[in-house]
Amino acid sequence: MKRIAIAGLGKIGLFHLSILRNIPSVELAGLVDANPAVQKIVRGMGIKLPFFASVPDLLAKENVNGVFACVPPAFNPSIAQACIPKGIALFVEKPMAADLEGARTMEALLKSQKTPPANAVGYMVGHSPIFIKVREILKSGELGQIEIYSASILLGEVFKKQEGWRQNPKISGGGAVAVLGSHLLYLIQSFLGMPKTIQAKMTRLYSLVEDIADIEFTHEGFRGNIKISWSEPDCPDIAIRIKVKGSKAELHIEENRVTILKKANGQGQIFYPWDLPPEPCERLKVRPAREGYASQDISFVDSIGTGKKNLVSWLEGFEVQRLIEGIYKSAAARTALAVPQSCYGRTPESK
Amino acid sequence: MEFKVKILENPSANNIEIFSMVPDFQQFVRDTSHYGTTGAAARRILAMPALKKLRLVKVALRHFDKVLKFQFDLLMNLFLMAETSKIPKRRTIFLHHQITDLALSFDQPGLFKIFHQVVSNEFGAEPGLSTLNFKRLTEVLEENKLEFPWLMAPFNPKGYQMYPSSQACLEILPHLRSKVIADNWNLQGTLPDKEVQVFFETHPFAAATL
């Protein structure tokens with residue numbers, strides 16, 4: 001049995017709570033939120049768990065194996081500071097930190113441990129069966145040499161002046177790029193590796209932060225164009241589209257299908273979610289609606305104390321943070337820039 | 001799209017009925033992102049016309065102990081009443097599967113009980129529950145002696161989104177008094193017509209979503 005705590009009980013924290021309380025190998029150890037009024041809301045949901053104002057308070061009183069940090073990204077480094085030196089596993093919601101410096105602090109904390117505890121970042125798209133299939137296809141080399149790609153992540157969410165912490169980049173890490181686009185940036189670095197240079201242009205329509213970003217990545221031997229927008233009309237739910245053109249075939253990726261078009265014979269092959277192995281969440285009494293979340297949480301819990309690397313560990317989270325930083329710097333400089341250096345020269349592939 | 005518009009112009013002639021579903025979940029998610037969970041609900045309630053707020057106050061007073069304890073099952077229903085007040089009157093009002101499944105995750109059958117009362121008594125409609133956890137929902141309803149006229153869940157020949165398994169969901173159907181609507185039954189039109197036809201002939205569905 002793993003004793004798990006949740007820090008931050010906003011929308012996403014409550015969602016993780018709804019999953020974790022249904023995993024038979026989890027014993028919930030406590031809840032943390034800086035706002036004491038949240039305790040009443042959670043108790044009203046029938047959750048009678050010890051409640052704390054901070055993660056250090058929790059760790060001083062409870063024996064905990066792992067923490068889910070569901071707080072704005074700026075607070076992740078301080079939670080890591082409280083957990084990692086004590087060997088407590090830490091899952092952080094995406095992006096990993098509000099800036100590259102914060103992510104570097106977290107990586108340094110991990111590196112300072114003789115046996116680093118389990119760690120993960122909440123890019124749940126990585127656990128979605130359709131994107132697992134894409135990774136398989138790309139790894140097989142079926143596409144040949146990659147020539148060019150285009151990708152977009154679109155959502156119709158922001159159409160007027162906004163309020164709240166998301167409008168403060170020091171806390172949120174940025175606008176549409178950090179909050180929404182980081183999912184797509186994770187997929188791109190996971191599928192195609194890290195680019196060498198970035199050229200980005202931002203547009204503000206309604207927010208204090210960017211609402212739309214147009215980005216060009218140059219990789220070794222190929223390039224890609226990316227569009228990120230949370231102000232897309234007629235797009236009530238997140239829509240991810242990726243097209244990859246290779247020397248032998250093209251790959252068209254959407255959330256509900258993957259199509260391979262072979263150049264040699266013009267034949268296509270389509271994979272739908274219902275043709276793929278489902279998420280391994282048979283241990284859950286109640287399955288959440290959105291794909292990826294359940295297997296993400298189950299695999300993080302299972303990795304605690306086993307030394308098993310998570311699919312989206314802090315290493316991958318750090319690579320996404322480098323891309324986010326590079327995008328903001330390029331947009332500010334209005335020119336193409338090299339991707340910020342990794343602090344330790346490690347890459348997910350070389351680990 | 002054109003086909004859809006044409007048949008919706010005269011639904012009854014096409015044996016089609018329009019049901020409502022609350023809340024508008026995508027809007028709910030957007031609002032909670034900006035105002036927080038409580039803030040989003042409070043804004044929705046405050047925006048209600050005064051007369052409709054009275055109905056909400058009546059329900060809140062009936063469950064005053066739950067108001068004092070900030071209980072989720074009641075507060076969510078007050079929010080749902082605010083949502084329902086905005087939509088045209090329909091024969092049936094469904095609870096969105098995200099809320100049904102959240103209530104299942106948090107063991108909150110009281111939410112279903114109050115939803116049933118509110119939809120029947122305050123809105124004069126038939127209550128329905130939509131879910132992705134059909135088997136678990138029917139177990140919880142039975143344990144709590146709750147009966148809903150309508151249930152809706154994914155049902156298709158491939159067993160997609162039928163949790164925990166296709167067999168587990170299908171074998172419950174003949175034993176239910178509720179009318180069951182099959183959702184996500186044609187998997188974006190990828191199934192052969194014959195396979196779908198046999199599926200519907202084999203199992204006692206009351207209707208299918210369009």
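Note on naming: letters A, B, ... go to the chains in the order of the sequence lines (proteins, then strands), and numbering restarts at 1 for each one.
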inquiry  = Take a 6.0 Å sphere around NZ of A:Lys2 and say whether it holds more than 12 heavy atoms from other residues, nucleotides or ligands.
reply    = yes
task = Give a yes or no on this: more than 12 heavy atoms of other residues, nucleotides or ligands lie within 6.0 Å of atom CG of B:Asp65.
result = yes
ask   = Quick check: are there more than 12 heavy atoms from other residues, nucleotides or ligands sitting under 6.0 Å from CD of B:Gln167?
value = no
Euclidean distance, A:Trp274 CH2 relative to B:Met162 CE, rounded to 0.5 Å = 14.5 Å
request  = Below 4.5 Å from any heavy atom of chain A, which atoms of B:Leu68 appear? Answer side chain, backbone, both or neither.
outcome  = backbone
request  = Could you tell me whether B:Lys145 atom NZ has more than 12 heavy atoms of other residues or ligands within 6.0 Å of it?
outcome  = no
query = When you look at B:Leu187 and A:Tyr272, which way does the side chain to side chain contact (heavy atoms under 4.5 Å, CB included) test go after all the steps?
reply = CA-CA 9 Å; B:Leu187 300 176; A:Tyr272 294 100; over 6 Å; no
query = More than 12 foreign heavy atoms under 6.0 Å from CG of A:Asp234: is that the case here?
reply = no
ask   = Is a side-chain donor or acceptor of B:Arg136 paired with a backbone partner of A:Lys285 at a separation under 3.5 angstrom?
value = no
ask   = Around atom NZ of A:Lys243, are there more than 12 heavy atoms of other residues, nucleotides or ligands at under 6.0 Å?
value = no
task = Carefully, step by step, assess B:Gln26 and A:Glu157 under the rule side chain to side chain contact (heavy atoms under 4.5 Å, CB included).
result = CA-CA 9 Å; B:Gln26 279 147 347; A:Glu157 180 175 308; over 6 Å; no
query = If you look at every heavy atom in A:Leu14 and B:Phe106, which pair is closest and at what distance?
reply = O-CZ, 3.6 Å
query = Is there side-chain contact between B:Leu132 and A:Arg287, with at least one heavy-atom pair below 4.5 Å?
reply = no
ask   = For A:Gln167, is it the side chain, the backbone, both or neither that has a heavy atom under 4.5 Å from a heavy atom of chain B?
value = neither
ask   = Which of residues 36-44 of chain A have a heavy atom under 4.5 Å from any heavy atom of chain B?
value = A:Lys40, A:Ile41, A:Gly44
remark   = Heavy atoms of A:Gly46 and B:Gln108 approach each other most closely as N-NE2, 3.7 Å
key: B:Ser165 versus chain A, the contacting section by heavy-atom distance below 4.5 Å   = neither
query = Where the side chain of B:Gln71 meets the backbone of A:Met45, is there a donor-acceptor pair that is under 3.5 Å apart?
reply = no
task = Could you look at A:Leu284 and say if it's the side chain, the backbone, both or neither that has a heavy atom under 4.5 Å from chain B?
result = both
inquiry  = Please identify, among B:Leu74, B:Asp73, B:Asp107, the residue contributing the most non-hydrogen atom pairs under 4.5 Å to chain A.
reply    = B:Asp107
query = At what distance, to the nearest 0.5 angstrom, does CG of A:Asp275 lie from OG1 of B:Thr190?
reply = 7.5 Å
key: Engaged part of B:Lys69 at the chain A interface, taking heavy atoms whose separation is under 4.5 Å   = backbone
remark   = Cut-off 4.5 Å, heavy atoms of chain B, and the answer for A:Pro278 is neither
key: Partners passing ring pair (Phe, Tyr, Trp, His ring centres under 6.0 Å) against A:His252 (at least two apart in sequence or in another chain)   = none
message = Between B:Tyr163 (side chain only) and A:Cys281 (backbone N and O only), is there a donor and an acceptor less than 3.5 Å apart?
response = yes
query = Which answer fits B:Leu104, side chain, backbone, both or neither, if we ask what part of it has an atom under 4.5 Å from a heavy atom of chain A?
reply = both
query = What part of A:Asn22 lies closer than 4.5 angstrom to a heavy atom of chain B: side chain, backbone, both or neither?
reply = side chain
request  = Give a yes or no on this: more than 12 heavy atoms of other residues, nucleotides or ligands lie within 6.0 Å of atom NZ of B:Lys86.
outcome  = yes
request  = Could you tell me whether A:Lys11 atom NZ has more than 12 heavy atoms of other residues or ligands within 6.0 Å of it?
outcome  = yes
